[in-house]
Novice: 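Below is one structure. I have some questions about it.
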Number of protein chains: 2
Amino acid sequence: MRENPPGEERILRAALQRFAVDGLSAPLRRVAEDAGVSAGLIIHHFGSRENLLRLCDERALEVTRREKSTLLTGGSGELLVQLAQAEEYAPLAGYVLRRLQDGGPLAAQLVEDFANATEDYLAEGERAGSISPSRDPRARARVLTEMALGALLLQLPGRGDTLDLAELPTWMRQHTQRMVAPLLELYSIPLLTDRSMLDAYLASDTEENT
Amino acid sequence: MRENPPGEERILRAALQRFAVDGLSAPLRRVAEDAGVSAGLIIHHFGSRENLLRLCDERALEVTRREKSTLLTGGSGELLVQLAQAEEYAPLAGYVLRRLQDGGPLAAQLVEDFANATEDYLAEGERAGSISPSRDPRARARVLTEMALGALLLQLPGRGDTLDLAELPTWMRQHTQRMVAPLLELYSIPLLTDRSMLDAYLASDTEENT
DNA sequence: CCAATGACTGAACGCATGTATAGCGTAGTG
DNA sequence: CACTACGCTATACATGCGTTCAGTCATTGG
């Protein structure tokens, strides 16, 4: 089955999956067991647990970046949802979620990437006329991305609890389905009935820069 | 100083603070040290580490609920921001953040509470005419809250890193300041240029329920 | 055929952690 | 004063972790 690739690659895949399921603090011995390998071998190959994590991070970043261009990106973390659907990429999507949950520099990097993708997506929509222009497209993309990913995180099982990879796609679909109605409303009908607050803020903002 | 209260209360406060600073996985011995107490005593009083966490949760929930009515709640997690400003409540606000980061049932409970507060806040604005009515006010409040809190979480230091309570207020102010411009724009000018997507969704939605 | 290389294992080490236990000192009570 | 109750400490114990180490086995290159 999937046990073909020997050595490091097999370990890396097992790690990705186990970290996704049990969280990033899953013990090395558990990863070793999954890979059908001794704990010592992991150290032998990767040097340390921290290094294994780093390798997982690299893989995650690499794959998301590669798949980003393949998939029709729906912006705002839809990328992750689509990745999870892909079956083969479910462990990786789970790992990314766990990593976002855990914070740290890679989480920031991932958010950055997603935000950039969202910015492109919005710019395209803007050219097509379906998306409103923004005073600060970059900031808008960041905020939208952070909110989308953050809402996803809040729904994630806790650090101690396990994340069922088999149900990940279903789970994510339900999440987006739960959000889509309020979001469409929010994006179509202004939450605020008039522009007075925005104008007031803009006024005070430009005033400061004089 | 703040070392007056003896016994359990002193331990609880130390725990709240230490967990806020170092994360919920901070060792018991560290909490004990902060409280000027032996680790055994914590067990003696609280039975187990898990129980101490539970007590912290209760305290957190209790205080946020109590202060909710006191503060002018700005909805969408602004409550937390205001709590953190209060100096005395900074550790508690930090603990709440850590708890949200960690997930689990209390996190869900907290989100629920915040969502309810937001719903009330929006309803009030709706009565005053400043907030648009919604097809599903409850769902809208939930989505807004999850997004606001989630975005906050993504900005939080990682599990391993420490959270500086002294800088919490500043940090949170910066966060809101970074969000306010894009959010006001988003809430004042529809992101989508026309209602076609919303209408299409609503059509397909009612169609399913026939 | 032999030596060397490298994947790989099993046991062990050192450390940190939660918790149990035995005992100490002191305040309150008869 | 004797006794008890209790806050509290110090130590010990068990467990689980990352990592180290000595050595085994197979493959390969001379």
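Values reported hereafter were calculated over all heavy atoms of this structure, with side chains retained and with hydrogens, waters and symmetry mates removed. Naming: A, B, ... by sequence-line order, numbering from 1 per chain.
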Novice: Would you say the side chain of A:Arg29 and the base of D:dG16 hold a donor-acceptor pair, judged only by whether the two atoms sit under 3.5 Å apart?
Specialist: no

Novice: Without decimals, in angstroms, what is the distance between A:Leu52 CG and D:dT19 C1'?
Specialist: 14 Å

Novice: Is a salt bridge present between A:Glu33 and A:Arg29, judged by a nitrogen-to-oxygen distance below 4.0 Å?
Specialist: no

Novice: Which residues pass the side-chain contact (heavy atoms from CB on, under 4.5 Å) test with B:Asn116, sequence neighbours left out?
Specialist: B:Glu112, B:Glu119, B:Arg138

Novice: What is the separation between atom CG on B:Leu41 and atom C1' on C:dA20, rounded to the nearest whole Å?
Specialist: 14 Å

Novice: Could you give the CD-to-C1' distance, from A:Glu8 to C:dC8, as a whole number of Å?
Specialist: 13 Å

Novice: Indicate yes or no for a side-chain donor-acceptor contact from A:Arg140 to the backbone of B:Pro182 under 3.5 Å, with no hydrogens or angles considered.
Specialist: no

Novice: Taking the side chain as C-beta and beyond, is there a heavy-atom pair between A:Arg99 and A:Phe19 under 4.5 Å?
Specialist: no

Novice: So if I take residues 16-24 of chain B and measure heavy-atom distances to DNA chain C, which residues fall below 4.0 Å?
Specialist: none

Novice: Protein-nucleotides 23-27 of chain D N/O pairs closer than 3.5 Å?
Specialist:
none

Novice: Look at atom CD of A:Gln109 and say whether more than 12 heavy atoms of other residues, nucleotides or ligands are closer to it than 6.0 Å.
Specialist: yes

Novice: Is the backbone N or O of B:His175 less than 3.5 Å from a side-chain atom of B:Gln155, with the two atoms forming a donor-acceptor pair by type?
Specialist: no

Novice: List for me each residue that meets side-chain contact (heavy atoms from CB on, under 4.5 Å) alongside A:Ser48, sequence neighbours excluded, and say none if there are none.
Specialist: A:Glu50, A:Asn51

Novice: Would the distance check show the side chain of B:Gln101 and the main-chain N or O of B:Pro157 forming a donor-acceptor pair, the cut-off being under 3.5 Å?
Specialist: yes

Novice: Looking only at atom types and distance, does a side-chain atom of B:Arg142 sit under 3.5 Å from a main-chain N or O of B:Ala115, one as donor and one as acceptor?
Specialist: no

Novice: Quickly work out the B:Asn51 CG to C:dT19 C1' distance and round it to whole Å.
Specialist: 13 Å

Novice: Hey, does B:Leu144 have a side-chain heavy atom less than 4.5 Å from the side chain of B:Tyr121?
Specialist: no

Novice: When we call it a touch if two heavy atoms are under 4.0 Å apart, what does A:Leu28 touch: a base, just sugar-phosphate, or nothing?
Specialist: sugar-phosphate

Novice: Would you mind telling me which of D:dT19, C:dT9, D:dG18 lies closest to the side-chain atoms of A:Pro27?
Specialist: D:dG18

Novice: Roughly, in whole Å, what's the span from CZ in B:Arg10 to C1' in D:dG7?
Specialist: 12 Å

Novice: Compare all side-chain heavy atoms of B:Thr64 with those of B:Leu92 and state whether any distance is below 4.5 angstrom.
Specialist: yes

Novice: Restricting to nitrogen or oxygen on both sides, can you table the protein-nucleotides 22-25 of chain C pairs closer than 3.5 Å?
Specialist:
none

Novice: Main chain of B:Leu191, side chain of A:Ser132: is a donor-acceptor contact present, judged purely on distance under 3.5 Å?
Specialist: yes

Novice: Can you check the A:Glu33 CD to D:dG16 P distance for me, whole Å?
Specialist: 13 Å

Novice: Of all of residues 42-49 of chain A, which get a heavy atom below 4.0 angstrom from DNA chain C, listed by number?
Specialist: A:His44, A:His45

Novice: Is A:Arg54 paired with A:Glu58 through a side-chain N to carboxylate O contact shorter than 4.0 Å?
Specialist: no

Novice: Of the non-hydrogen atoms in B:Glu185 and A:Ser134, which two are nearest, and what is the gap between them?
Specialist: OE2-OG, 2.6 Å

